[in-house]
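A short worksheet on the structure shown next.
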Amino acid sequence: MASDAIQITLPDGTVLTLPAGSTPGDVAASIGPGLAKAALAAVIDGRTVGLGEPIEHDTAIRILTARDPESLPVLRHSAAHILATAVRELRPGAGIGFGPAIDEGFYYDFDVDAPFTPDDLAAFEQKMTEVVEADQPFERRRVDKAEARKLFADDPLKLERLEEFDDAEVITVYQNGPFLDLCRGPHVPSTGHLKHFKLLSGAGAYWRGDEKRQMLQRIYGTAFHRKDDLDTHLHRLEEARRRDHRRLGRELDLFQFHPVSPGAAFWTPRGTAMYNTLERFVRERQAESFLEVKTPLLYTKELWEQSGHWGKYRENMFLVLDAESGEHDMSLKPMNCPSHHIYYASQTHSYRELPIRYATLDVLHRNELSGALSGLTRVRQFAQDDCHVYLREDQIAQEVRFLTDFILGHYEAFGLESSIKFATRPEQRIGSDAQWDHAEAALREALEATGRPYEVEPGDGAFYGPKIDFHVTDSIGRSWQLGTIQLDYNAPERFDLNYVGQDNAPHRPVVIHRAVCGSFERFIAILIEHFAGAFPTWLAPEQVRVLPISEQWETSAREAAAGLAAAGVRVHVEERETLNYRIREAESLKIPYMAIVGEREASDGTVAVRRRGAGRKQEVMSRGAFLDVLTEKIRTRALD
RNA sequence: GCUCUGAUAGCUCAGUGGUAGAGCGCGUCCUUGGUAAGGACGAGGUCGCGGGUUCAAUCCCCGCUCAGAGCUCCA
């Protein structure tokens, strides 16, 4: 039992003495009426708590107001309850699932007979406004399991969750107005605190995230303390739509899809030019330390049985009917690993050769679920910048450092910001626990040695080993997984890989799987969105568009273009329509440079250079000087 | 794969139980332009595919395919 008085330490070091069982609300009130009014929640022992939760022991406390970022999830969680309150008013039979705060807002899952329509969402939003105006207090109560069972007798989803609690565990419920929810909290003091919110979309979602369970109807929304923040967020969503690579891919004529091959891109001439440029860049960076090889696309099932994919991964593989056997006993490769292992094993390797790095840019096929496909970021046919490193145990740390620098250097070349995640053993895996212990420890140690910050993602590893994933953030803050470094002790066993050691005896190498772009398809999608289609000159599908002012100057314009093309510049002369029309078109296609040729330029061998987005500002320069500018930009891969 | 929504001209979209329309793009002609749409005329569509209801279906119903928002999965 706590003593009668407790000592509360404030962030500035002040110590308050209050009766045991006082709440953070009491603390705020004793500091001042202004804070009491502004307080939304508090942090005690590193945990966010509601203002009404009693404090039983001496502790440090920090009161949260709208200024503290930790209060935003509290507001959003309350917004989810307010949403549920509104839904229950309008659809009384709705079962309630979970309704948490998420990074961008909140959602709530409902079990209803008929899915929600956009009109329903508008009605819920209106009803939420009424709940907010009613300013219902959020009341927290502790109940025992038996009482909770009674309270949620009509809510089977809540009852299921309830049964997962230990009998002795503290169960809390929150009530606002008529709405009662099984909930750990915390919440803002009352519904009136929710001022700026919006419901965004409805969608199906499996109960407990399990595809074997029933599908609930999820409503997504977002909420902020300040109107400006909400507006900024909504504007950012609009910006994301504007930059969507699927939209820009069509507008800039880079790639397209056709129902005859779902999940596989048709690259247009412009898109192909960019794809090839990226490929050249990758090859150039790999030239020094990697050995590029090409391996078959089609393999017998024996290979996949040996690799373990036949058992764990077959539903994702495109099986091919073998005409002689009449069986589907061949498959297009979904990854390059086994073929690299086969090649490695075909020769005898000395410890002196290691590490050996085989790199392959071949096309891969994975039969993804139809619903998973999305633009270029999730496709069935793609090319990885794949590599497998064969190395000695004692080389792991050095190799991880090398690969990490190599990967991050690639992202930096495009001005992409990245973050690192360490992913550990998943539930579905091959290999013994001892192997996994060893692999995780080795990889983590190597990652630590790089000195770079990282997050841990438990259970997110590959089925054969732990991995380091590299995520990049695009210019509007979304994160995508691209690169990876995966440590594999399993494949060397399965493929009986060896090297001859200093002792003239065979030893097992370790395998590291590495990708940088992830896939060319996904990487290009990110580049499109990152640059909003305005690619740096070296990468742009068309680098210069030459515009003669009238037919008279076409010959001169073509000469100027030929000079650039001879130096490897991607250039096109556009002769149709009016000058204004062609300038508008070139700007729409986000071509980095326009070179305009009229009487003045034709007579003195110059071009009038107009930069993308620069409006009427232009610079007249000699053809040679313009070529120098371009070649320098392209050579240095300037980000413009 | 699951839930919901959609599919009409090359693109973006409107529209109707009696076999369709706009803007852009495309073609031809006129215009020969100095920095973000010059003008006129014209050609394009079994209204995603297959069934059903109906005198009649692009429209209503069912199935399928593809796409979008999510879920699950993932480079």
Side-chain angles (χ1 to χ4, degrees), chain A residues 107 109 112 114-118 120 200-220 241 244 246-247 250-251 253 256-263 313 315-316 334-335 364 366-386 426 428 460 462 467 469-471 480-484 486 513 515-523 525-526 547-554 575-589 594 596-601 608-618 620:
Chain A
Y107 68 77
D109 288 341
V112 285
F116 302 125
T117 65
D120 288 330
L200 296 171
S201 61
Y206 297 111
W207 169 234
R208 309 306 293 265
D210 183 344
E211 62 181 326
K212 293 185 180 61
R213 305 296 301 270
Q214 76 215 82
M215 186 148 274
L216 307 178
Q217 293 303 315
R218 175 170 298 179
I219 295 176
Y220 284 96
R241 279 189 282 276
D244 190 315
R246 292 168 300 192
R247 175 176 168 169
R250 189 180 56 246
E251 289 177 1
D253 190 24
Q256 49 189 250
F257 288 90
H258 193 282
V260 295
S261 187
Y313 201 76
E315 68 269 24
N316 281 303
M335 63 269 303
L364 305 175
R366 296 185 186 176
N367 196 0
E368 303 291 349
L369 293 177
S370 58
L373 302 179
S374 178
L376 289 178
T377 51
R378 199 69 187 282
V379 285
R380 287 189 172 138
Q381 178 194 302
F382 58 98
Q384 280 189 331
D385 56 338
D386 207 358
Q428 282 272 311
D460 217 30
K467 57 180 185 169
D469 282 335
F470 294 81
H471 292 244
W480 306 75
Q481 197 220 307
L482 300 181
T484 190
Q486 307 178 355
H513 307 246
V516 181
C517 293
S519 72
F520 283 92
E521 283 73 7
R522 180 175 287 184
F523 195 74
I526 305 265
L547 307 177
I549 281 178
S550 73
E551 264 175 40
Q552 262 184 287
W553 320 112
E554 279 176 10
E575 298 167 350
R576 327 156 303 142
E577 297 286 352
T578 59
L579 182 63
N580 277 345
Y581 182 94
R582 287 173 285 151
I583 286 173
R584 180 171 187 275
E585 187 176 54
E587 289 285 1
S588 304
L589 287 170
M594 280 175 251
I596 295 161
V597 179
E599 183 174 9
R600 295 195 296 265
E601 293 78 12
V609 176
R610 175 173 161 152
R611 192 77 178 84
R612 170 179 61 203
R616 287 180 176 234
K617 269 187 297 178
Q618 65 173 10
V620 178

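So that the names make sense, note that chain A is the first sequence line, chain B the second, and so on, each numbered from 1. Note: hydrogens, waters and symmetry copies are ignored here, and every other heavy atom, side chains too, is used.
- U53(B) and G63(B) have their C1' atoms separated by 15 Å, with the value rounded to a whole Å.
- Within 4.0 Å (heavy atoms only), Arg250(A) reaches sugar-phosphate atoms of the nucleic acid but no base atom.
- Using P as the reference atom, U19(B) and C59(B) are 14 Å apart when rounded to the nearest Å.
- Contact footprint of chain A on RNA chain B: nucleotides with an atom under 4.0 Å from a non-hydrogen protein atom, first to last in 5' to 3' order, G1(B) to A75(B).
- Partner assigned to A36(B) is none, using Watson-Crick or G-U wobble distances below 3.5 angstrom.
- Residue contacts shown for Arg576(A) are limited to sugar-phosphate atoms, with no base heavy atom under 4.0 Å away.
- Base pairing of C4(B) is made with G68(B), judged by Watson-Crick or G-U wobble geometry with both donor-acceptor distances under 3.5 Å.
- In plain terms, the two heavy atoms of Glu521(A) and Ala383(A) that are nearest each other are OE1-N, 3.0 Å.
- When each of Trp553(A) and Gly263(A) is assigned the nucleotide of RNA chain B with its nearest heavy atom, Trp553(A) is the one assigned upstream, toward the 5' end.
- Across all strands shown, nothing is found opposite U53(B) as a Watson-Crick or G-U wobble partner with both distances under 3.5 Å.
- Spacing of C1' atoms, A20(B) relative to U58(B), comes out at 9 Å, to the nearest Å.
- Here Arg582(A) contributes atom CZ and Leu547(A) contributes atom CG; the two are 5.5 Å apart, rounded to the nearest 0.5 Å.
- In this structure U16(B) sits in no base pair that meets the Watson-Crick or G-U test at under 3.5 Å.
- Residue contacts shown for Ala586(A) are absent, as no nucleic acid heavy atom lies under 4.0 Å away.
- Atoms CD1 and CD1, from Ile583(A) and Ile596(A) in turn, are 4.5 Å apart once rounded to the nearest 0.5 Å.
- Comparing the P positions of A37(B) and U31(B) gives a spacing of 22 Å, expressed to the nearest Å.
- Spacing between A43(B) and G51(B) at atom C1', rounded to whole Å, works out to 34 Å.
- The same atom, P, is picked in A57(B) and in C47(B); the two are 12 Å apart, to the nearest Å.
- Looking at heavy-atom distances under 4.0 Å, Gly613(A) makes no contact with the nucleic acid at all.
- In terms of heavy-atom proximity, Pro262(A) sits nearest to Pro259(A) at CD-O, 3.3 Å.
- To the nearest 0.5 Å, atoms OG1 (Thr484(A)) and NE2 (His513(A)) are separated by 9.5 Å.
- Separating the C1' atom of G23(B) from that of G15(B) is a span of 15 Å, rounded to the nearest Å.
- Here the separation of C64(B) from G1(B), taken at their C1' atoms, is 15 Å to the nearest Å.
- Within the 4.0 angstrom heavy-atom criterion, only backbone atoms of the sugar-phosphate kind lie near Gln481(A); the bases stay farther away.
- When each of Glu599(A) and Cys517(A) is assigned the nucleotide of RNA chain B bearing its nearest heavy atom, the one mapping closer to the 5' terminus is Glu599(A).
- Under the ring-ring contact (aromatic ring centres under 6.0 Å, His included) criterion, Phe382(A) pairs with no residue, sequence neighbours left out.
- Base engagement by Arg378(A) is indicated by at least one non-hydrogen atom pair under 4.0 Å involving a base atom.
- Among the protein residues, Gly204(A) comes within range of the nucleic acid bases, having at least one heavy atom under 4.0 Å from a base atom.
- Heavy atoms of Glu601(A) sit under 4.0 angstrom from at least one base atom.
- Among the heavy atoms of the strands, none lies under 4.0 Å from Glu251(A).
- Glycosidic conformation of G44(B) is syn; the angle stays within 90° of 0.
- Among the protein residues, Gln384(A) comes within range of the sugar-phosphate backbone only, with heavy atoms under 4.0 Å from sugar or phosphate atoms but none that close to a base.
- A salt bridge is absent between Asp210(A) and Arg208(A): the closest approach of a Lys/Arg side-chain nitrogen to an acidic carboxylate oxygen does not fall below 4.0 angstrom.
- No contact: Phe116(A) has no heavy atom under 4.0 Å from any strand.
- Look at G27(B): its Watson-Crick or wobble partner, with both distances under 3.5 angstrom, is C41(B).
- Here the side chains of Ile549(A) and Glu599(A) are not in contact, with every heavy-atom distance at 4.5 Å or above.
- Pairing of C59(B), defined by two Watson-Crick or G-U wobble distances under 3.5 Å, is not identified with any nucleotide.
- One finds no salt bridge joining Arg584(A) and Glu577(A) here, because no Lys/Arg side-chain nitrogen approaches an Asp/Glu carboxylate oxygen to under 4.0 Å.
- Nucleic acid contact for Leu373(A): sugar-phosphate only, since backbone atoms but no base atoms lie under 4.0 Å from a heavy atom of the residue.
- Between the OG atom in Ser374(A) and the CZ atom in Arg246(A) there is a gap of 4.5 Å [rounded to 0.5 Å].
- Across all strands shown, Tyr206(A) has heavy atoms under 4.0 Å from base atoms, whether or not it also approaches the sugar-phosphate.
- Note on Leu482(A): only backbone sugar-phosphate atoms sit closer than 4.0 angstrom, heavy atoms only; bases stay farther off.
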